[in-house]
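The structure appears right after this line, and notes come after that.
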Amino acid sequence: MKKIIPYGKQDITQADIDAVTEVLRSDYLTQGPRIEEFENEFAAYVGSSYAVAVSNGTAALHLSVMALGLKPGDKVITTPITFAASANCVRYSGAEVVFADIDPDTYLLDINSVKKLLQSAPKGTYKGVIPVDFAGRAVDLEGLRELANEYDLWIIEDACHAPGASFIDSKEEKQLCGNGKFADLTVFSFHPVKHIACGEGGMITTNNAKLFESLMKLRTHGITKNEPDFVNDVGLASGITEGGKGYPGWYMEMHELGYNYRLTDMQCALGLSQLRRAKTGVARRREIAKVYSEAFDDKDFVLGHSKYSKHHAYHLYVIEVNNRLGLYNYLRERGVFAQIHYFPCHLMPYYQGLGYKEGDYPISEKYYERCISLPMYPTLSEEDQEFVINSIIEYFE
Ligand SMILES: *Cc1c(COP(=O)(O)O)cnc(C)c1O
């Protein structure tokens, strides 16, 4: 059978398998102790005060817009070069998605196009902005926070590509994605193609205690077991008019319309085990990126690429070329399954149905014509990477 080199791949070790097996033999398959452990260790990894584990990255986005009170008619800004979920969460709340074009050098939401949108509408029109740390490059949230404060916006950072990434702020300090200093909420995904695999899984990090409590409730039907928050009186809760001494042990209250977006203990055990190797994984991804960068820096057929940065988390390694379709097919024939990230979100038929059309975001559309994501995962061998690089050079020469 021909060897396949995919664009991304999970890495499962014996330690991962043992961690999951241990949960299977324990008393709790879900709602047990692994969840809080995973949350605490993940918060420590990104440097935030709180973390809430949820069933996937999309659920993380959905609960985030809910916790921030997004309502029908509100408007939220995001980038067209992202996975559809970054925009879809806004639609779940019946609010309107407004795209802003990308910066052609970083492929990230261009702060100047965001500024233009904000300046051209009455203050209060936009409620929030969802920047995406596309490919694993961290958005400069310091600048975006200033703009957001000026226009009274919240920020949900979609860091699904970027656990372990950072940017350098104006005081030369390193700011890790999800540390809660600039974004109100940051979301992560644990889908197997991402840095940390849980099968399915997501996390929301924040430094805001109120948002944390709200998310914890929304994750589990809007129900709380926290006695100080109870609204009904003890008599009603106990089922006898005069009531007992306090609320009965079984009692809980539903305060708002939440969901079942919980993550299981089996998935959290896998996530915990993977998290312990996350730093090594990011370091290996940076090594791979450096090799690609050096191979492509002086090649004329490469019109743009994910330039090396030691702060980038390299979920993806993107190059821009002419004749992308030809290269894609040539690589596929040779077993190299490169991938395209992303078809611009505003051109998805669903968003076209909401009024977007070709030509609306020319930089994103130009990027889409030329982008291709090369194999990038910690277990990619040096020989396989060399084969990928040589295949690309061969195709163009
Ligand atoms: C993967 C991803 C999501 C959604 O995560 P799921 O866990 O698959 O629901 C959201 N945004 C971006 C940018 C992603 O890459």
Side-chain angles (χ1 to χ4, degrees), residues 6-10 38 42 46 51-66 76-93 97 99-100 102 106-109 128-139 141 155-165 177-178 183 185-205 215 219 259-264 267-268 270-271 274-275 282 285 306 312-318 339-346 348 350-351 364 367-368 371 373 376-377:
Y7 85 91
K9 192 180 177 180
Q10 76 269 20
F38 187 32
F42 193 86
V46 301
V52 179
V54 294
S55 43
N56 55 63
T58 306
L61 284 160
H62 186 192
L63 291 191
S64 293
V65 296
M66 280 184 80
V76 175
I77 300 168
T78 192
T79 164
I81 299 300
T82 186
F83 182 58
S86 318
N88 293 352
C89 63
V90 174
R91 300 294 301 149
Y92 297 157
S93 288
V97 180
F99 296 101
I102 59 166
T106 61
Y107 313 143
L108 304 177
L109 189 62
V129 57
I130 306 180
V132 178
D133 301 314
F134 174 72
R137 192 184 292 280
V139 170
L141 285 181
I155 299 176
I156 298 173
E157 177 187 18
D158 183 338
C160 287
H161 295 184
C177 284
L185 297 168
T186 302
V187 305
F188 297 89
S189 164
F190 306 128
H191 184 278
V193 296
K194 313 288 165 74
H195 288 64
I196 295 164
C198 290
E200 298 283 351
M203 192 74 83
I204 310 163
T205 63
L215 291 166
R219 164 177 84 177
Y259 294 85
N260 177 355
Y261 278 169
R262 293 185 301 258
L263 196 59
T264 66
Q267 291 165 307
C268 287
L270 180 54
Q274 293 250 316
L275 180 58
V282 174
R285 285 170 185 273
S306 302
H312 198 305
Y314 292 107
H315 163 55
L316 303 173
Y317 193 92
V318 177
Q339 191 48 279
I340 307 307
H341 301 92
Y342 289 98
F343 180 73
C345 206
H346 69 283
M348 289 290 184
Y350 171 79
Y351 284 100
S364 297
Y367 164 81
Y368 170 67
C371 68
S373 308
M376 168 57 84
Y377 46 91

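Counting starts at 1 for both ligands and their atoms, following the listed order. For clarity, every value in this text was computed on a predicted model and none was experimentally measured. Values below: every heavy atom of this structure, side chains too, minus hydrogens, waters and symmetry copies.
Comparing Ala135, Ala59, Cys160, Gly57 by heavy-atom distance to atom 3 (C) of ligand 1, the nearest is Cys160. Among Ser189, Pro192, Gly202, the residue whose heavy atom lies closest to atom 5 (O) of ligand 1 is Ser189.
The protein heavy atom nearest to atom 14 (C) of ligand 1 is Lys194 NZ, 3.1 Å. For atom 4 (C) of ligand 1, the nearest non-hydrogen atom of the protein is Thr58 OG1, 3.6 Å. Nearest protein heavy-atom contact of atom 15 (O) of ligand 1 is His161 NE2, 2.7 Å.
Both the backbone and the side chain of Asn56 come within contact range of ligand 1, each with a heavy atom under 4.0 Å. Under 4.0 angstrom from ligand 1, the non-hydrogen atoms of Asp158 all belong to its side chain. Contact annotation: for Phe188 versus ligand 1, there are no heavy atoms closer than 4.0 Å.
A donor-acceptor pair is defined here as one N or O able to donate and one able to accept, closer than 3.5 Å; no such pair exists between the side chain of Gln267 and the backbone of Gly199.
Contact check for Lys194 versus Gln10: no side-chain heavy atoms found under the 4.5 Å cut-off. A heavy-atom distance below 4.5 Å is not found between the side chains of Ser373 and Tyr317.
Between Phe83 and Tyr342, the two ring planes are tilted [angle within 30° to 60°]. The aromatic rings of Tyr107 and Phe134 sit perpendicular, their planes meeting at an angle over 60°, well past the 30° parallel limit.
A centroid separation of less than 6.0 Å is found between the aromatic rings of Phe190 and Phe42.
Checked against Cys89 for a side chain to side chain contact (heavy atoms under 4.5 Å, CB included), the options Thr78, Ile130, Leu63 give a single hit: Ile130.
Atoms of ligand 1 found under 4.0 Å from any heavy atom of Tyr342, numbered from 1 in the order shown, are 15 (O). Which parts of ligand 1 touch Thr82 is read off a 4.0 Å heavy-atom cut-off, strictly below it: atoms 13 (C).
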